[in-house]
Amino acid sequence: MKIRKGDEVIVIAGKDKGATGKVLRVDPRAERVVVEGVNLITKNIKADQQRAGKESGRVTVEAPLHVSNVSLVEDGKPVRAGYRINDDGTKVRISRRSGKEI
């Protein structure tokens with residue numbers, strides 16, 4: 001997967017199309033990412049002994065998105081990512097649009 005935790009991404013498909021945010025979590029096995037402030041859902045939480053001090057009620061949280069529905073963002077526009085191997089042998093991600101390192 002070319003998207004990592006902490007990357008700035010834009011949603012390119014779905015109900016939140018056009019929204020941007022920072023990647024909070026990545027699940028490579030399921031090919032899903034959780035983006036800050038995007039794909040919000042409301043969960044009903046029960047009070048129990050393990051969540052001492054926490055009340056029951058409704059909580060709004062971010063749900064995972066499929067990685068194909070998000071793209072890295074550069075200057076407010078979606079950009080594809082590629083790889084380049086530097087002279088010292090390190091592999092770095094680059095922007096296909098500008099050629100800069102991500």
Side-chain angles (χ1 to χ4, degrees):
M1 263 172 54
K2 295 182 180 178
I3 295 177
R4 297 181 187 157
K5 180 179 175 180
D7 286 346
E8 192 71 24
V9 295
I10 187 168
V11 179
I12 56 175
K15 66 175 184 167
D16 291 318
K17 183 176 180 175
T20 59
K22 195 168 98 172
V23 176
L24 301 176
R25 264 192 343 260
V26 176
D27 184 3
R29 284 186 171 200
E31 294 183 340
R32 297 200 169 260
V33 294
V34 175
V35 182
E36 185 176 35
V38 176
N39 198 24
L40 297 174
I41 60 167
T42 304
K43 293 178 79 171
N44 293 312
I45 304 294
K46 274 189 181 179
D48 62 359
Q49 293 293 331
Q50 301 214 340
R51 293 172 27 88
K54 305 260 184 179
E55 295 184 15
S56 61
R58 295 175 137 201
V59 179
T60 304
V61 293
E62 293 97 354
L65 288 165
H66 195 269
V67 72
S68 67
N69 293 334
V70 297
S71 178
L72 292 168
V73 68
E74 182 179 73
D75 300 329
K77 296 181 181 178
V79 65
R80 290 183 300 146
Y83 290 103
R84 179 176 60 216
I85 297 175
N86 289 337
D87 296 333
D88 58 351
T90 57
K91 187 176 175 181
V92 292
R93 290 183 305 161
I94 60 164
S95 163
R96 291 284 188 189
R97 181 176 297 220
S98 64
K100 297 178 190 171
E101 284 189 24
I102 297 175

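Because only heavy atoms are used, hydrogens play no part in the values below, and waters and symmetry mates are left out as well, while side chains stay in. Positions are given from 1 along the sequence.
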I41 reachable from I45 in the ILVMFWY side-chain graph, under 4.5 Å edges: yes
Where H66 and S68 come nearest, the two heavy atoms and their spacing: ND1-OG, 2.9 Å
Flag side-chain contact, heavy atom, 4.5 Å: K100 against V79: no
Single-linkage hydrophobic cluster, 4.5 Å side-chain cutoff, V73 and V35 together: no
Rounded distance (nearest 0.5 Å) linking atom CG of D48 with atom OG of S56: 10.0 Å
V9 vs V33 side-chain heavy atoms within contact, under 4.5 Å: no
Separation of E8 CD from E36 CD (nearest 0.5 Å): 8.5 Å
Cluster check I94, I10: I/L/V/M/F/W/Y, side chain < 4.5 angstrom: no
Validation row: R84, E101 side chains within 4.5 angstrom (heavy atoms): yes
Any side-chain heavy-atom pair of R4 and V23 under 4.5 Å: no
Other residues, nucleotides, ligands: >12 heavy atoms within 6.0 Å of K5 NZ: no
Shortest non-hydrogen contact between L40 and E62, atoms and distance: CD2-CG, 3.7 Å
CE on M1 to CZ on R32, rounded to 0.5 Å: 10.5 Å
Beyond-backbone contact of K15 with N39, side-chain heavy atoms, under 4.5 angstrom: yes
Flag if over 12 foreign heavy atoms under 6.0 Å of CZ, R97: yes
Over 12 foreign heavy atoms within 6.0 Å of CG, D87: no
Interatomic distance, T90 atom OG1 to I85 atom CD1 [nearest 0.5 angstrom]: 9.0 Å
Shared hydrophobic cluster, V26 / V61 (ILVMFWY, side-chain heavy atoms < 4.5 Å): no
Side-chain touch R93/L72, heavy atoms, less than 4.5 angstrom: yes
Nearest non-hydrogen partners of K22 and G6, listed with the distance: CG-O, 3.7 Å
hydrophobic_cluster_shared for V70 and I102, side chain cutoff 4.5 Å: yes
Pairwise side-chain contact, P64 with V34, heavy-atom cut-off 4.5 Å (strictly under): yes
